[in-house]
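All heavy atoms count here, side chains included; hydrogens, waters and symmetry mates do not. Read the numbers this way: they start at 1 and go in the same order the structure lists the ligands and their atoms. Bear in mind the structure is a predicted one, so any value in this text is a computation, not a measurement.
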Amino acid sequence: MSRRKLIAGNWKMNGSLAANQALVQDLLAGIGQPACDVAVCPPGAYLGQVQALLAGSQAIALGAQNVSQHENGAFTGDISATMLQDFGVRYVIVGHSERRQHQAETDVHVAIKVKRALSAGITPIVCVGETLREHDEGMTEFIVRRQLSAVIHLNGDDVGRIVVAYEPVWAIGTGKTATPAQAQAVHAVLRAQLKAATSQADDMRILYGGSMNAGNAAELLAQPDIDGGLIGGAALKAADFLKIVAAAR
Ligand code: PGA
């Protein structure tokens, strides 16, 4: 079992031409030859800019934050998987809780988006996670299994090509992190669910996300089933993001 860890920065709706340029330049200057895979996911409007800034870098891949569930056509405002592919996008975040919550994305939308990404050769980073209320009611396992099950159901054996990200909603942007033991327990549940679906489960990466930062990354990443991180706030500061990358080995 040799899973190379993945650290992906989710910039969310932050940045500007000037800020992105400074951030990517600082990342490239400091990254060296990382022991893990690294990706940055800027807002869609900046994919072309960040692709150009990253050109030639073996160390940092380009990711996107969303993909349309439709292939092409009259879907105003959507961006298709083949368009992402045109910009050299290697990863796409799918089903982030902010999209499930604010854009009414359902488990079925998420499953279709995964299919679109995979057919364009892009690795989807599929987010699952429970809200604070669900957490308090002891429903964590039920919720994450339901969310992942929709993706497995529609994608069958291809599910072996996805990355999963466990992001407890109550830990996102709040400074509250799941303890390493709490996160590991959920990751183990997800791994078992993947094992029942694909023979590749042991090679699949399950990331943790939710207030992961330079201070707590090493402990989280030391857990046997935590194979990387999906980083929000701490991905906007080059020094912090690079510390998390250095902790992933
Ligand atoms: P956070 O965000 O690191 O700011 O908590 C993580 C995410 O939402 O992907």
Side-chain angles (χ1 to χ4, degrees), residues 5-15 19-20 23 27 36-44 46-47 50 60-67 89-105 110 113-114 117 122-132 134-135 140 143-144 147-148 151 162-180 182-183 186-187 190 205-221 223 226-248:
K5 289 190 167 60
L6 168 64
I7 302 294
N10 174 11
W11 294 2
K12 309 196 179 185
M13 199 171 72
N14 294 293
N20 301 343
L23 178 53
L27 290 175
C36 62
D37 290 339
V38 180
V40 292
C41 307
Y46 296 120
L47 285 171
V50 176
I60 306 179
L62 183 62
Q65 297 176 16
N66 180 36
V67 62
V89 166
R90 302 255 309 278
Y91 299 94
V92 62
I93 300 167
V94 176
H96 191 281
S97 60
E98 287 152 15
R99 295 202 59 85
R100 291 181 191 261
Q101 191 185 337
H102 305 304
Q103 315 295 333
E105 280 190 13
V110 172
K113 287 173 178 223
V114 167
I122 298 168
T123 301
I125 300 175
V126 181
C127 301
V128 300
E130 82 286 6
T131 63
L132 181 60
E134 290 159 348
H135 176 77
T140 300
I143 296 294
V144 298
Q147 291 170 334
L148 184 57
V151 173
I162 74 171
V163 170
V164 177
Y166 170 54
E167 298 208 308
V169 179
W170 48 270
I172 294 177
T174 58
K176 287 187 200 137
T177 319
T179 64
Q182 266 177 329
V186 179
H187 283 229
L190 293 168
R205 295 182 287 195
I206 307 177
L207 315 184
Y208 171 80
S211 298
M212 193 190 269
N213 58 42
N216 61 26
E219 216 190 340
L220 286 158
L221 293 167
Q223 299 300 309
I226 301 187
D227 310 309
L230 184 55
I231 320 298
L236 298 172
K237 292 186 199 123
D240 287 2
F241 190 67
L242 289 172
K243 277 188 201 140
I244 298 172
V245 168

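If you take NE2 on H135 and CD on Q182, they are separated by 5.0 Å, rounding to the nearest 0.5 Å. Taking CG of L236 as the reference point, atom NZ of K12 lies at 9.0 Å (rounded to 0.5 Å). To the nearest 0.5 Å, the span separating NZ on K5 from CG on D37 amounts to 11.5 Å.
Residue contact check: L230 has heavy atoms under 4.0 Å from atoms 6 (C), 9 (O) of ligand 1. Ligand 1 places these atoms under 4.0 Å from at least one heavy atom of H96: 7 (C), 8 (O), 9 (O).
With Y208 contributing its side chain and G210 its backbone, the two residues share a donor-acceptor pair below 3.5 Å.
With a 4.0 Å heavy-atom cut-off, ligand 1 is reached by the side chain of N10 but not by its N, CA, C or O. Residue contacts with ligand 1, taken as heavy atom pairs separated by less than 4.0 Å, involve A171 solely via the backbone atoms N, CA, C and O.
Residue contact annotation: A235 has no non-hydrogen atom under 4.0 Å from ligand 1.
Of the options A8, G173, G232, the smallest heavy-atom separation from atom 3 (O) of ligand 1 is shown by G232.
Atom 9 (O) of ligand 1 has E167 OE2, 2.7 Å as its closest protein atom, hydrogens excluded (heavy atom only). Protein heavy atom nearest atom 4 (O) of ligand 1, with residue, atom name and distance: G233 N, 2.8 Å.
For H96 and E167, the side-chain atoms include at least one donor-acceptor pair closer than 3.5 Å. In the model, K243 has no side-chain atom that pairs as donor or acceptor with a side-chain atom of N213 under 3.5 Å.
Taking the side chain as every heavy atom from C-beta outward, Q65 and W11 approach each other to under 4.5 Å.
Geometrically, ligand 1 and G210 share no nitrogen or oxygen pair separated by less than 3.5 Å. Distances between N or O atoms of K12 and those of ligand 1 include at least one value under 3.5 Å.
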